[in-house]
Undergrad: 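Please read through the structure below; I'll follow up with questions.
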Amino acid sequence: MSGSPIDPDNGKASELSALLKRRGFFFPSYEIYGGVAGFFDMGPMGSLLKDNIIKKWKDRFVIEEGFLLVDCPSIAPEVVFRHSGHLDKFSDMLTRCTDCSEPFRADHLLDDIIENADSLSEDELFTALKENDVKCPNCGGSLGPLEEFNLMFKTYIGTGSDRPAFLRPETAQSIFLDFPLLYRTNREKIPFGVAQIGKGFRNEISPRQGLLRQREFHMAEGEFFFDPEADGFPAFDTYRDLKVNLVANTDPDNSIRKELSSAVSEGMICSEVLGYFMGVTHSFAREIGIPEDRMRFREHLDTEMAHYARDCWDLEVLTSYGWIEMVGIADRSAYDLEQHTKGSGQEMTAMRRYPEPIQKEVTTISVNMKVLGPIFRGAAKEVNDAVSLLDPAAVKELLETGEPVKVVISQGEVEVPPGSLSIATEEKRVAGERFTPHVVEPSFGIDRLMVAVIEHAYFEAEKSPLREEASDGEGPYRVMRLLPSISPVKCGVFPLMNKDGLPELAIPIEKDLRKCGLITYYDHSGSIGRRYARMDEIGTPFNVTIDYESKDDGCVTIRERDTGIQKRVPISRIVNVISDLVSEKIIFDDLDQPVIS
RNA sequence: GCAGGCGUAGUCUAGCUGGCUAUGACAAGGGCCUUCCAAGCCUUUAACUCGGGUUCAAAUCCCGGCGCCUGCACCA
């Protein structure tokens with residue numbers, strides 16, 4: 001059995017991609033109309049496989065880690081992305097050379113000339129390009145007008161075009177918007193995580209590399225909200241000693257292997273929380289079948305960090321396209337919650353409770369609106385709001401010394417009549433203080449993980465496991481060694497011959513397995529070896545064969561995919577045995593001795 | 001998006017200096033045979049990427065669209 005990995009050059013990648021299409025894993029969408037780059041359909045096998053990976057993710061994050069699962073719309077009004085920063089940062093102004101028609105990012109052309117070129121408006125960029133007489137770096141030609149390019153798909157809500165909206169480029173934003181509600185749902189306990197699985201949409205300029213860069217793709221994201229001032233993170237102990245491959249941005253050319261705990265204590269990884277989710281991610285990747293030596297964590301360089309991120313580590317897996325990002329684990333700090341607070345006025349904080357409520361002397365100002373109202377009329381509320389922002393102690397002093405109390409409102413500076421203000425000082429019990437939680441976000445690209453899982457499960461051999469010698473002219477024997485829990489089909493059911501009463505025994509067995517929730521494949525066509533081969537190609541871990549002996553002894557054989565070994569099991573136990581094998585409660589070796597091997 | 005290359009059944013492919021009913025293999029469906037690892041026989045299904053042009057005649061030559069590959073650019 002050839003275990004060597006898939007490389008871009010060894011031909012296996014194209015063998016595999018042919019298999020994936022032939023067997024119904026995935027294929028380009030809208031093909032009969034010529035296809036559209038960046039969109040793929042999941043076929044019957046791909047849908048099941050993807051679903052199983054999602055199931056595993058849910059088991060891990062929602063069940064084991066206790067994340068709160070939500071499911072929000074894919075379309076959000078423009079205002080959401082204005083405040084999240086995606087509208088600005090996701091939009092680039094392009095200019096095109098009028099001679100050679102090469103496109104360039106306008107702000108990049110100005111990088112060496114002015115600072116913060118990326119923060120300029122469209123008009124400012126255009127003026128700056130003109131004033132500095134910037135030419136095409138490619139051919140020296142003059143540059144054309146600016147065009148906007150936004151990576152988000154734009155649409156409109158309702159009739160007309162006055163309510164612009166976008167398809168979400170990540171699922172995260174809805175979770176941030178829902179934070180106050182989720183915090184209450186979680187009975188105001190922090191830390192806690194929120195999970196969402198759904199589609200993300202990015203209008204990539206030129207999507208290539210198949211499922212690895214799609215315009216519509218499946219993501220599974222977790223947002224873990226925590227108090228940045230809390231001491232340590234006890235859960236980190238689970239992964240403290242886990243050794244992982246790390247590529248730090250201080251030394252981007254070298255991968256080093258070390259425990260997560262030392263990476264955190266040396267400051268390579270910025271917090272225990274981030275380290276913890278790197279551990280969770282690593283363990284999840286192992287669980288769906290990605291080998292240890294084919295993965296590494298790479299820290300983002302400062303220049304590639306997303307606008308919201310303070311630190312970010314990607315889980316990369318070595319695929320036929322090289323090292324590819326599968327999961328991004330970003331420390332988003334308080335960025336998003338603060339942005340949406342600014343944008344909406346909605347408070348997005350949590351309570352940091354003191355161990356014991358403390359007694360605190362609190363000075364408050366109260367405003368007598370009966371006095372203020374008639375004086376300021378419409379502006380009275382604004383004055384009130386301005387006063388409440390003043391430092392009570394300072395106001396107290398002003399009042400005592402007889403100085404005027406002044407505030408600035410939209411009409412300009414006004415004096416607040418002393419008679420409208422009263423200062424009170426009282427002892428108060430304070431239970432805690434409010435803070436904006438920080439967020440660590442593990443964001444999984446489900447389709448990419450599926451590709452990685454498939455590539456690492458794919459093996460080519462000379463011949464099927466138990467054949468004496470290789471048959472010629474058929475190409476390699478292909479096996480997808482998927483873990484039983486994620487393989488799309490769990491069990492093949494074959495009557496050895498399509499006659500003599502064998503189908504009559506086989507059909508009820510398949511029915512029972514399906515009733516138990518196991519996806520099966522009934523096949524009576526061709527030789528038995530051909531049927532095993534078909535199942536091996538799609539990664540079916542077990543096959544049940546009904547032979548002539550079955551009629552006498554009431555037993556059937558179960559064949560294990562990777563070894564070809566078969567064991568006899570009574571028909572009455574078959575559903576339980578297959579079910580336990582698939583859920584990995586037992587392994588094949590736990591069964592009785594083989595009859596054919 | 002630019003430049004170059006490519007596009008023939010489900011897959012791989014022959015034909016492509018224009019010319020008869022478009023080659024072959026594998027896969028797939030039906031049947032025969034077959035008592036456990038892609039056997040064999042019979043049979044069936046099935047394609048020139050799309051649009052336009054040149055020509056008596058286009059898979060073949062030309063133009064354009066779409067897609068794929070490679071490089072450049074892009075990748076929050």
Side-chain angles (χ1 to χ4, degrees), chain A residues 8 14-15 17-24 27-39 43 81 84-92 94 96-97 100-105 108 118 137-139 147 149-152 169-170 172 200 202-210 212-213 215 300 303-309 312 325 328 330 461 463-479 494-500 502 525-537 543 545-551 556-557 559 561 563-566 595-597:
Chain A
S14 61
E15 277 285 343
S17 70
L19 185 157
L20 292 173
K21 191 172 183 187
R22 177 157 43 91
R23 292 298 184 200
F27 34 81
S29 302
Y30 316 117
E31 239 190 336
I32 67 160
Y33 286 111
V36 184
F39 294 97
F81 299 113
S84 71
H86 287 88
L87 206 53
D88 287 341
K89 305 287 177 173
F90 237 66
S91 261
D92 296 325
L94 295 183
R96 203 174 284 282
C97 174
C100 69
S101 72
E102 275 284 311
F104 299 98
R105 271 183 63 171
H108 283 185
D118 59 346
N138 196 33
C139 71
E147 319 160 17
F149 183 81
N150 196 306
L151 236 39
M152 290 191 293
E170 55 172 13
R202 296 177 192 184
N203 199 1
E204 298 283 354
I205 297 173
S206 76
R208 280 178 201 176
Q209 307 183 324
L212 296 185
R213 208 152 132 229
R215 288 185 162 129
H300 276 205
T303 49
E304 67 180 319
M305 207 88 77
H307 62 271
Y308 49 71
C312 185
E325 172 194 353
K463 55 180 183 61
S464 60
L466 297 183
R467 197 186 166 92
E468 297 291 316
E469 52 195 88
S471 55
D472 32 52
E474 280 164 5
Y477 191 86
R478 305 177 194 84
V479 188
F494 311 142
L496 187 59
M497 293 296 143
N498 193 24
K499 58 183 180 186
D500 303 328
L502 298 187
S525 103
S527 71
I528 192 74
R530 174 175 295 269
R531 285 178 264 169
Y532 289 145
R534 281 197 270 251
M535 288 297 103
D536 288 349
E537 276 196 347
N543 292 296
T545 302
I546 293 84
D547 56 24
Y548 283 91
E549 279 175 63
S550 305
K551 295 204 286 187
V556 294
T557 65
R559 170 189 183 268
R561 177 192 61 209
T563 58
I565 293 173
Q566 288 177 298
V595 287
I596 306 167
S597 67

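Please read these numbers as outputs of a predicted model, since none were measured by experiment. All heavy atoms count here, side chains included; hydrogens, waters and symmetry mates do not.
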Undergrad: Over all strands shown, is A:E537 touching base, sugar-phosphate only, or nothing at heavy-atom distances under 4.0 angstrom?
TA: base
Undergrad: Distance between the C1' atoms of B:C16 and B:G7, in whole angstroms?
TA: 13 Å
Undergrad: When the P atoms of B:C33 and B:C20 are compared, how many Å lie between them, rounded to an integer?
TA: 43 Å
Undergrad: Does B:C36 have its OP1 or OP2 closer than 4.0 Å to a side-chain nitrogen or oxygen of A:R530?
TA: no
Undergrad: If you take atom types as modelled and just measure distance, does the side chain of A:R213 reach the base of B:C74 with a donor-acceptor pair under 3.5 Å?
TA: yes
Undergrad: Work out how far the P atom of B:U45 is from that of B:A25, and round it to whole angstrom.
TA: 16 Å
Undergrad: Nearest whole angstrom, please: distance from the P of B:C75 to the NE2 of A:H300.
TA: 13 Å
Undergrad: Does a side-chain N or O of A:S527 approach OP1 or OP2 of B:A39 to a distance below 4.0 Å, or not?
TA: yes
Undergrad: Both distances under 3.5 Å, Watson-Crick or G-U wobble: report the partner of B:A14, or none.
TA: none
Undergrad: Using Watson-Crick or G-U wobble geometry with both distances under 3.5 Å, which nucleotide pairs with B:A57?
TA: none
Undergrad: Suppose you measure atom P in B:A22 against the same atom in B:A28; what distance do you get, rounded to whole Å?
TA: 26 Å
Undergrad: Rounded to whole Å, how long is the line connecting atom CD of A:Q209 with atom C1' of B:G71?
TA: 13 Å
Undergrad: Distance between the C1' atoms of B:A9 and B:C75, in whole angstroms?
TA: 37 Å
Undergrad: Of the options B:U35, B:A28, B:C75, whose atoms approach the side-chain atoms of A:L496 most closely?
TA: B:U35
Undergrad: For nucleotides B:A46 and B:C56, find the distance between their P atoms and express it as a whole number of Å.
TA: 34 Å
Undergrad: Report the base-pairing partner of B:C74 (Watson-Crick or G-U wobble, both distances below 3.5 angstrom), or none.
TA: none
Undergrad: Can you tell me if A:K499 touches the phosphate of B:U35, counting only side-chain N or O atoms and a distance under 4.0 Å to OP1 or OP2?
TA: no
Undergrad: Would you mind telling me which of B:C75, B:U35, B:C37 lies closest to the side-chain atoms of A:Y532?
TA: B:C37
Undergrad: Ignoring hydrogens and geometry beyond distance, is the side chain of A:T557 in donor-acceptor contact with the base of B:C36 at under 3.5 Å?
TA: yes
Undergrad: Between B:A38, B:G29, B:C36, which one does the side chain of A:S525 approach most closely?
TA: B:G29
Undergrad: Using the P atom on both, measure B:A47 against B:G10 and round to a whole Å.
TA: 7 Å
Undergrad: In the structure shown, which nucleotide is the Watson-Crick or G-U wobble counterpart of B:A39, with both distances under 3.5 Å?
TA: none
Undergrad: Partner of B:U21 by Watson-Crick or G-U wobble geometry, both contacts under 3.5 Å, or none?
TA: none
Undergrad: Which is more 5' along RNA chain B, the nucleotide nearest A:K21 or the one nearest A:H307? Just name the residue.
TA: A:K21
Undergrad: In Å, rounded to the nearest 0.5 Å, how long is the span from SG of A:C312 to CD of A:E325?
TA: 7.0 Å
Undergrad: With a 3.5 angstrom cut-off on both distances, give the Watson-Crick or G-U wobble partner of B:C33, or none if there isn't one.
TA: none
Undergrad: Determine whether a donor-acceptor pair (one donor, one acceptor, N or O, separation below 3.5 Å) exists between the side chain of A:Q566 and the base of B:C36.
TA: yes
Undergrad: Between the base of B:C36 and the side chain of A:R559, is there a donor and acceptor pair under 3.5 angstrom?
TA: no
Undergrad: Check the orientation of A:H86 and A:H307. Use parallel for under 30°, tilted for 30 to 60°, and perpendicular for over 60°.
TA: perpendicular
Undergrad: Please report, rounded to the nearest Å, how far the C1' atom of B:A9 is from the CZ atom of A:R22.
TA: 15 Å
Undergrad: A:A533 side chain: which of B:A38, B:U35, B:C75 is closest?
TA: B:A38
Undergrad: Applying a 4.0 Å non-hydrogen cut-off, can you work out what A:R531 is touching in the nucleic acid: base, sugar-phosphate, or nothing?
TA: nothing
Undergrad: Using both distances under 3.5 Å as the test, list the Watson-Crick or G-U wobble partner of B:C6, or none.
TA: B:G67
Undergrad: Looking only at atom C1', what distance separates B:U55 and B:G19, rounded to whole Å?
TA: 12 Å
Undergrad: Looking at B:U34, B:C75, B:U35, which one has an atom nearest to any side-chain atom of A:L151?
TA: B:C75
Undergrad: A:F39 has an atom CZ; how far is it from atom P of B:G67, in whole Å?
TA: 11 Å
Undergrad: For A:S29 and A:R215, run side chain to side chain donor-acceptor pair (under 3.5 Å): C-alpha distance rounded to whole Å, both residues' side-chain angles, the deciding distance at 0.1 Å, then the answer.
TA: CA-CA 12 Å; A:S29 302; A:R215 288 185 162 129; over 6 Å; no
Undergrad: Can you list everything that forms a ring pair (Phe, Tyr, Trp, His ring centres under 6.0 Å) with A:Y532? Sequence neighbours excluded, please.
TA: A:F494
Undergrad: Only one of A:R478, A:R561, A:R531, A:R559 forms a salt bridge (Lys or Arg N to Asp or Glu O under 4.0 Å) with A:D536, so which one is it?
TA: A:R559
Undergrad: Taking it one step at a time, do A:K551 and A:L502 satisfy side chain to side chain contact (heavy atoms under 4.5 Å, CB included)?
TA: CA-CA 8 Å; A:K551 295 204 286 187; A:L502 298 187; 4.1 Å; yes
Undergrad: Map A:G38 and A:G529 onto RNA chain B by nearest heavy atom, then report which one ends up closer to the 5' terminus.
TA: A:G529
Undergrad: Start with the C-alpha distance between A:M152 and A:L87, add both sets of side-chain angles, then the distance that settles side chain to side chain contact (heavy atoms under 4.5 Å, CB included), and finish with yes or no.
TA: CA-CA 8 Å; A:M152 290 191 293; A:L87 206 53; 4.0 Å; yes
